[in-house]
J.: 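Please read through the structure below; I'll follow up with questions.
Keep in mind that this is a model prediction, so the values were computed, not measured.
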Amino acid sequence: MPNFVIDNPNSSGFYGFSGLQSASVLNQIDFSTNTALITPIIRSAPTASAINDGWWDSLQDWHIIPVHTIVLSDGRVLSYGTDGAGTQSGRWNDDVWNPANGNSLVSSHQFLPSSTTTDLFCGAQSILPGIGKVLLSGGDNRYTGTYNSGTRDVNIFDPVSNQLTKQASMSSARWYNTQVTLPDGRVLSVAGEDENKNPSNSSEIFDPVTGKWATLSGLTGPDLIGRYYPRIFVLPDCGA
């Protein structure tokens, strides 16, 4: 990724951010009012150096506001987070975009009715290695409890059938949780808020072979690593 340089303020008092395809100003921010003026460089197609520099494409239509997106094993993109009217909810619809078919809503997007009762908004998601399915844990408990609080629900998205199916629940409810895939194919889920909007202090591991969750007794504690989407990475020595 390129470095971004904050230029000196122009005559209007705005700061420019240089980067991506050229040293031209991509964005301007007035720090006196905390106002962002977005002026992206739009290119119809990537240049030869785009793999290193990046580029901005033109805006395109979407069936929903894609609050959450994940690239599927077949290159398509699953997104969710609102209904078709743009209202916050990950319960009613999903969108699957196939970039190979262009940007048309008709030819490249599948607007799918959700096959689960879980509100997936602000949960976590990751690809199950070797399987290609998406594990989605947690979400919003609004339809069965408190708005903007955690749920124990777990779902798997199958990119072949384009269907979501409920799985065994977690021990702890989670909203804004983080999950990371471990080298052995299991998935670690941590943090978030529970159904009472308190920190989810436990950590759990999902085994795709058994389809079950196990709580880690040695990795607990109040606000252990922060409750909202803490950043977790797998180390080279296979520890997380």
J.: So, do D153 and K166 sit near enough that their side-chain heavy atoms are less than 4.5 Å apart?
T.: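 In short, these two side chains touch, coming nearer than 4.5 Å.
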J.: T116 and L136: side chain to side chain contact (heavy atoms under 4.5 Å, CB included), yes or no, with the steps?
T.: CA-CA 11 Å; T116 182; L136 304 103; over 6 Å; no
J.: Please tell me whether M170 and L188 are part of a single hydrophobic cluster in this structure, the criterion being side-chain heavy atoms less than 4.5 Å apart.
T.: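 No, separate clusters.
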J.: So, taking the atom named OH in Y147 and the one named CG in N141, what distance separates them when rounded to the nearest 0.5 Å?
T.: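 It comes to 13.0 Å.
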J.: Let me check something: do I127 and L182 share a hydrophobic cluster, defined by ILVMFWY side-chain heavy atoms less than 4.5 Å apart, either directly or through other members?
T.: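 Looking at the clustering, L182 is in a separate group from I127.
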J.: Quick check for you: to the nearest 0.5 Å, what is the distance between D95 atom CG and L112 atom CG?
T.: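 Between D95 CG and L112 CG, I get 7.5 Å after rounding to 0.5 Å.
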J.: After noting the C-alpha distance and the side-chain angles of D140 and C122, does the key distance pass the side chain to side chain contact (heavy atoms under 4.5 Å, CB included) rule?
T.: CA-CA 7 Å; D140 200 311; C122 286; over 6 Å; no
J.: Verify, without hydrogens or angle tests, whether T82 (side chain) and I65 (backbone) share a donor-acceptor contact under 3.5 angstrom.
T.: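 Yes; at least one donor-acceptor contact below 3.5 Å.
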J.: Decide yes or no on side chain to side chain contact (heavy atoms under 4.5 Å, CB included) for V234 and V180, but give the supporting numbers first.
T.: CA-CA 8 Å; V234 176; V180 61; 3.8 Å; yes
J.: If hydrophobic clusters are built by linking Ile, Leu, Val, Met, Phe, Trp and Tyr wherever their side-chain heavy atoms come under 4.5 Å apart, do V154 and I131 end up in the same one?
T.: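 Linked, V154 and I131 end up in one cluster.
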J.: Output the distance between atom OG (S171) and atom CG (L216), rounded to the nearest 0.5 Å.
T.: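 CG of L216 is found 10.5 Å from OG of S171.
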J.: Between S202 and T215, does any side-chain donor sit less than 3.5 Å from a side-chain acceptor?
T.: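 Absent: no donor and acceptor within the cut-off.
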J.: Would you name the heavy atoms of P159 and S73 that are closest together and state the gap between them?
T.: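 Scanning both residues completely, I find the closest heavy atoms to be CG-OG, 4.4 Å.
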J.: Quick check for you: to the nearest 0.5 Å, what is the distance between I70 atom CD1 and Q125 atom CD?
T.: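 Result: 5.5 Å between the selected atoms.
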J.: Could you check whether any side-chain N or O of Y229 sits under 3.5 Å from a backbone N or O of G123, counting only pairs where one atom can act as donor and the other as acceptor?
T.: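 Yes, because the side chain of Y229 sits within donor-acceptor range (under 3.5 Å) of the backbone of G123.
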J.: Taking a hydrophobic cluster as the set of Ile, Leu, Val, Met, Phe, Trp and Tyr residues connected by side-chain heavy atoms closer than 4.5 Å, whether directly or through intermediates, do L128 and V71 fall within one such cluster?
T.: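 The answer is no; the residues belong to distinct hydrophobic clusters.
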J.: Which heavy atom of L135 sits nearest to which heavy atom of F206, and what is that distance?
T.: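 Closest heavy-atom pair between L135 and F206: CD2-CD2, 3.7 Å.
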J.: Hey, could you give me the CG/CG distance between D74 and N98, rounded to the nearest 0.5 Å?
T.: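 Here the rounded value is 7.5 Å.
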J.: Any idea which heavy atoms bring N103 and S108 closest together, and the distance?
T.: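 Nearest heavy atoms, N103 then S108: C-OG, 3.3 Å.
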J.: Using modelled atom types and a 3.5 Å cut-off, is there a donor and acceptor pairing between side-chain atoms of W62 and backbone atoms of L105?
T.: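 Absent.
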J.: Do the rings of Y143 and W92 sit parallel, tilted or perpendicular, given the 30° and 60° boundaries?
T.: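 It falls in the perpendicular class, over 60°.
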J.: Of all heavy-atom pairs between K197 and N148, which one has the smallest distance, and what is that distance?
T.: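 Nearest heavy atoms, K197 then N148: CE-O, 3.3 Å.
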J.: So which of N155, T117, V134 actually passes side chain to side chain contact (heavy atoms under 4.5 Å, CB included) with L164?
T.: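 That would be N155; it is the only one of N155, T117, V134 passing the side chain to side chain contact (heavy atoms under 4.5 Å, CB included) with L164.
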J.: Answer yes if the side chains of N177 and S200 hold a donor-acceptor pair under 3.5 Å, and no otherwise.
T.: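 S200 and N177 do not have a side-chain donor-acceptor pair below 3.5 Å.
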J.: To the nearest 0.5 angstrom, please state how far the CZ atom of F121 sits from the CH2 atom of W175.
T.: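 F121 CZ to W175 CH2: 7.0 Å, rounded to 0.5 Å.
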J.: Just wondering, do Y176 and E193 contact through their side chains at under 4.5 Å, heavy atoms?
T.: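 No; the side chains remain at least 4.5 Å from each other.
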J.: I need the minimum non-hydrogen distance between V190 and P230, along with the two atoms involved.
T.: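 Here V190 and P230 meet closest at CG2-CG, 4.3 Å.
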J.: What heavy-atom pair brings S126 and V187 nearest, and what distance separates the two atoms?
T.: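 Closest approach of S126 to V187: OG-CG1, 3.9 Å.
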J.: Going hydrophobic residue to hydrophobic residue with side-chain gaps under 4.5 angstrom, can you get from F111 over to V77?
T.: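 Linked, F111 and V77 end up in one cluster.
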J.: Here's a test for you: under salt bridge (charged side-chain N to carboxylate O under 4.0 Å, His left out), which of R174, R186, K212 qualifies with E204?
T.: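 Result: among R174, R186, K212, R174 is the only option passing the salt bridge (charged side-chain N to carboxylate O under 4.0 Å, His left out) with E204.
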J.: Between the side chains of Q110 and R76, does any donor sit under 3.5 Å from an acceptor?
T.: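 Yes.
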J.: Could you give me the CA-CA distance, side-chain angles and deciding distance for R152 and W213, then say whether side chain to side chain contact (heavy atoms under 4.5 Å, CB included) is met?
T.: CA-CA 11 Å; R152 290 176 168 81; W213 291 85; over 6 Å; no
